[in-house]
Amino acid sequence: MTDGIAKDRLEKLQALRSAGQDPFPPRVPRGQPIASVLSDFAQRTGQTVTLAGRLGVIRDFGKLRFAHLEDRSGSIQVGFQRDKLAAFWPDRKRIEGNDLVSITGELGTTQKGEPTLWATEVTLASKALRAAPEKWHGLTDTEQRYRMRYVDLFANAEVRQSFAMRSRIVREVRAYFDSLDYLEVETPILQPIFGGASARPFITHHNTLDMQLYLRIAPELYLKRLLVGGMERVYEIGRVFRNEGISTRHNPEVTMLESYEAWADYRDIMARVEGLFAHLCQRVLDGKTKVTFREKEFDLQPPFQKEKYLDLFAQQNPGTDWFDHQSVLRRAKELHLKTDGIEPAKLANDVFEATVEDTLQGPIFVYDYPVAISPLAKRVPEDPRITERFELFVCGMELGNAFSELNDPIDQEQRFLEQMQHKDDETPGEVDFDYVTALEYGMPPAGGLGIGIDRLCMLLSGSTSIRDVVLFPLLRREVAVPVEPHDVPVAPPDAPK
RNA sequence: GGGGGCGUAGCUCAGCUGGUAGAGCAGCGGCCUUUUAAGCCGUAGGUCGCAGGUUCGAUCCCUGCCGCCCUCACCA
């Protein structure tokens, strides 16, 4: 806060105070959204209105000044004329670009027809002590944009747009499940046993209980307890935390949708997913079904393509048997995959991911996954090695995962115990026996679904990086720079004590 | 963690073969009542990410470190 611009602005702030004006008044005339006067501007010419927002660069003509005023709905030109602002005119330079203001005036046009609010009353709403980024390029430095998202947002309208879209997506996901009579619920984020997915957790501690807790990696096991409890249709949209690497598709905390529906199976859930995408295209993309993502076009119009996991595996790895460890090992080495200490099923799936995932342009449902990599899914009746599970892929990116939920407590317990045999740091430290107990009370057959909301937002908004759909992505801490305190009185000199 | 790229004024960026830095915008002073990336005249503003090294001399070359981006690995 030591640069020259800040000094100039601080001086203006003090000058305002000395003149008895509050640079941060508790309230100002608020008026109406700017868009509301622009939509039928022709009819409004001559009307007096009040608009409030952030001032852009001021174009100064001496006795006439122009600037744009921007609020959440849009922006409009404001004209300041000395003739109409006699009282304000001497103070005009204390209000400058980037300040927040409320302006009352008459709607009209310029000689070139630009809709303009000709100011008759100007009220400073909040003094900006820092200048806005350059008007033409905005803030482009990626690091600055993430660290100072507040600047990114007001400087770059398209960033506001894309987060507005994220908000609409979440709202419409809710609307979709609400319309199907699902209940939205909230389950614990702090969990004594982490489960429901395969990921390394964040570990924390509760002081009073002196108990180690994990930030959840998935809400799954709690939501299915609700099925046992008779809630039949539930969903949760909430944060999950995975202590993994950070990349364009991975943030340590992401927003997950999980839904569970009793008396449904994975075929029904496929239809739900297709219905959800149709709904989102309708309500978020205004009926458009085509999106551009990573320079390719994808049509989200259901029905989606459907292929069996093992068929895709066989196509890309002819001669390799997913269930034969020796043949998988051979193929994995051919692909230069890490094979040491990798459990056979995991390795076979690594081969799948290495050879198949990039080919999945989609939208495509990959279905019938091996049981060894699907510990919570129900087996298909014809083959105990396979489960009723599918994943949704678009552009090689996994968007969702769903299955007919395993409700056989004995099978579930055995699979948990099996997991304990070849435990890694992504496996829970202990079996969630309470979950098994819940199943023993009887869980209806059900279909469950998980969709990564962040990736869904990436797809629908065409964002290449997850950081462009997360308001405050995690970054390393900056080296702390001691801040010099403002040496400025906070009240005018003659204020009562 | 590997590979590649980047870091220069508040913002966006130049800066040649090594000779201690420049523009536009923003700021400040001035002119201008119809501009809209306004214009014109003047002016101020720098730990060239940080720390070493080489050199008579480093924004530039070398090493290490910090941060960001891309990519690979990792990652339901």
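A note on names: the letters A, B, ... follow the listed sequences, proteins ahead of strands, and every chain is numbered from 1. All of these numbers come straight from a predicted model, not from anything done at the bench.
A:Gln77 and A:Thr116 share a side-chain donor-acceptor pair at under 3.5 Å. Residues A:Arg54 and A:Ser126 have side chains that never bring a donor and an acceptor to within less than 3.5 angstrom of each other. Side chain to side chain, A:Arg467 and A:Asn251 fail the donor-acceptor criterion of an N or O pair below 3.5 Å.
For RNA chain B, the neighbouring residues in residues 390-402 of chain A, judged by any heavy atom under 4.0 Å, are A:Glu398, A:Asn401.
A:Asp141 comes within 4.0 angstrom of sugar-phosphate atoms only, judged by non-hydrogen atoms across all strands, and of no base. Within 4.0 Å of A:Glu220, counting heavy atoms only, lies at least one base atom of the nucleic acid.
Between A:Tyr367 and A:Phe390, the ring center distance fails the sub-6.0 Å criterion. For an aromatic pair to be called close, the ring centres must be under 6.0 Å apart, and A:Phe277 with A:Phe304 satisfies this.
When the side-chain nitrogen and oxygen atoms of A:Ser198 are compared with OP1 and OP2 of B:A76, one or more of them lie within a distance under 4.0 Å. Side-chain nitrogen and oxygen atoms of A:Thr248 include at least one within less than 4.0 Å of the OP1 or OP2 phosphate oxygen of B:U71. For A:Thr140 and B:C13, the shortest distance from a side-chain N or O to OP1 or OP2 is below 4.0 Å. Checking the phosphate oxygens (OP1, OP2) of B:G39, no side-chain nitrogen or oxygen of A:Arg59 falls inside 4.0 Å. For A:Arg467, a side-chain nitrogen or oxygen approaches OP1 or OP2 of B:C70 to under 4.0 Å. Side-chain nitrogen and oxygen atoms of A:Gln77 include none within less than 4.0 Å of the OP1 or OP2 phosphate oxygen of B:U35. Put simply, A:Lys135 has no side-chain N or O that comes within less than 4.0 Å of OP1 or OP2 on B:G10. For B:G30, one of the phosphate oxygens OP1 or OP2 lies less than 4.0 angstrom from a side-chain nitrogen or oxygen of A:Lys93.
The neighbour count for A:Lys308 NZ, taken as heavy atoms of other residues, nucleotides or ligands under 6.0 Å away, does not exceed 12. Other residues, nucleotides and ligands contribute only 12 or fewer heavy atoms inside 6.0 Å of the CD atom of A:Glu295.
Stacking is found between A:Phe66 and the pyrimidine-like six-membered ring of the B:U35 base under the 5.5 Å centre-distance and 30° plane-angle cut-offs.
Annotation: of the two residues near RNA chain B, A:Leu474 and A:Lys346, the 5′-most nearest-nucleotide partner is A:Leu474. Nearer the 5' end of RNA chain B, as judged by each residue's closest nucleotide, is the contact made by A:Arg147, out of A:Asp350 and A:Arg147.
Rounding to the nearest 0.5 Å gives a distance of 7.5 Å between CD of A:Glu405 and CG of A:Leu376.
Of all nucleotides present, none satisfies the Watson-Crick or G-U wobble test against B:C60 with each distance under 3.5 Å. As the counterpart of B:A37, no nucleotide is assigned, since no Watson-Crick or G-U wobble pattern has both distances under 3.5 Å. Across the strands present, B:A44 finds no partner; the criterion is a Watson-Crick or G-U wobble pair with both atom distances under 3.5 angstrom. For B:G1, the paired nucleotide is B:C72, the pair qualifying as Watson-Crick or G-U wobble because both relevant distances are below 3.5 Å.
Evaluation of atom-type donor-acceptor distances gives a pair under 3.5 Å for the side chain of A:His250 against the base of B:C75. No donor-acceptor contact under 3.5 Å links the side chain of A:Gln111 to the base of B:U35. A donor N or O paired with an acceptor N or O is found under 3.5 Å between the base of B:U35 and the side-chain atoms of A:Thr110.
Listed nucleotides: B:A76, B:U33, B:U36. Nearest to the side chain of A:Arg242: B:A76. In this structure, the nucleotide among B:U71, B:C75, B:C32 sitting nearest to the side chain of A:Arg294 is B:U71.
Rounded to a whole Å, the CZ atom of A:Arg65 is 15 Å from the C1' atom of B:G39.
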